[in-house]
Amino acid sequence: MKLLGTGLLLLTVTACAAGSGGAPGAGSAGPATSATSAPATTTQTLGPPPSPTTGRPTQGIAPGDDVIAETQVDARGLPEGYPRSLTRSADGRTLILQAEEGGCRRVSAHVGDQTAQEVVVLVAVITGKKGQMCPDYLKEISIPLALNAPLGTRTVVLRQG
């Protein structure tokens, strides 16, 4: 048993010395000092490589789009469980409704009235019939909604429809 303990201790010390680059004095008692110093190297950190895909992403917010502030969205007319997350394109002429659908749940939306003060978006959620078996999956979708003019400071009113 004593031999096994000594073997494990030796294995641990060897592993620690190998992990530290095997510097001289790594196994000796007392404070470890190094007589040689490594030459200074400069490593330049680069950003992530460019994406091989083009176009809009299949999930999440596309680069260049921005989230519309909750204070600019009036969703009081929507029932619980309806999608409320909106982004806008860089030029402000397209709203993108972020939603989840799957199984027997389908989401659709279209632009209703557009005035100088507000843009109405009608959102419909269709679910399966009671007792209907539905596949068990969920996916994020983005529904683009073209506007007549850039959104600017207009309020987006979400309504069931």
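Side-chain atoms of Q114 come within 3.5 Å of backbone atoms of N148 as a donor-acceptor pair (strictly under, hydrogens ignored). In this structure, R159 contributes its side chain and G112 its backbone to no donor-acceptor pair below 3.5 Å. With hydrogens and angles disregarded, no donor-acceptor distance shorter than 3.5 Å links the side chain of T94 to the backbone of S89. Listed for the R88 side chain is no donor-acceptor partner under 3.5 Å among the backbone atoms of P150.
Note that the OG atom of S108 and the CZ atom of R106 stand 11.0 Å from one another [nearest 0.5 Å]. Rounded to the nearest 0.5 Å, atoms CG (L151) and CD (Q72) are 5.0 Å apart. If you take OG1 on T153 and CD on E118, they are separated by 12.5 Å, rounding to the nearest 0.5 Å.
Scanning both residues, P83 and R105, for their nearest heavy atoms gives CD-NH2, 4.1 Å. In this structure, Y82 and V123 approach most closely via the heavy-atom pair CE2-O, 3.5 Å. Of all the heavy atoms in A109 and L97, the pair that sits closest is CB-CD2, 3.8 Å. Minimum heavy-atom separation, A149 to R93: CA-NH1, 3.2 Å.
V73 places none of its side-chain heavy atoms less than 4.5 Å from the side chain of R84. Between L158 and L86, some side-chain heavy-atom pair lies under the 4.5 Å cut-off. Side-chain contact between R154 and V156: absent, with no pair of heavy atoms (C-beta onward) separated by less than 4.5 Å.
One hydrophobic cluster, built from ILVMFWY side chains closer than 4.5 Å, holds both L145 and V125. By the rule that hydrophobic residues join a cluster once side-chain heavy atoms approach within less than 4.5 Å of another member, L122 and V111 end up as members of separate clusters. Note on V121: it does not cluster hydrophobically with V157, by side-chain heavy-atom contacts below 4.5 Å among ILVMFWY residues.
Heavy atoms of other residues, nucleotides or ligands lying less than 6.0 angstrom from CG of D136 number 12 at most.
Of the candidates T127, I143, V107, E101 forms a side chain to side chain contact (heavy atoms under 4.5 Å, CB included) with just one, namely V107. The residue from D74, I68, T71 that alone fulfils the side chain to side chain contact (heavy atoms under 4.5 Å, CB included) condition with T155 is D74.
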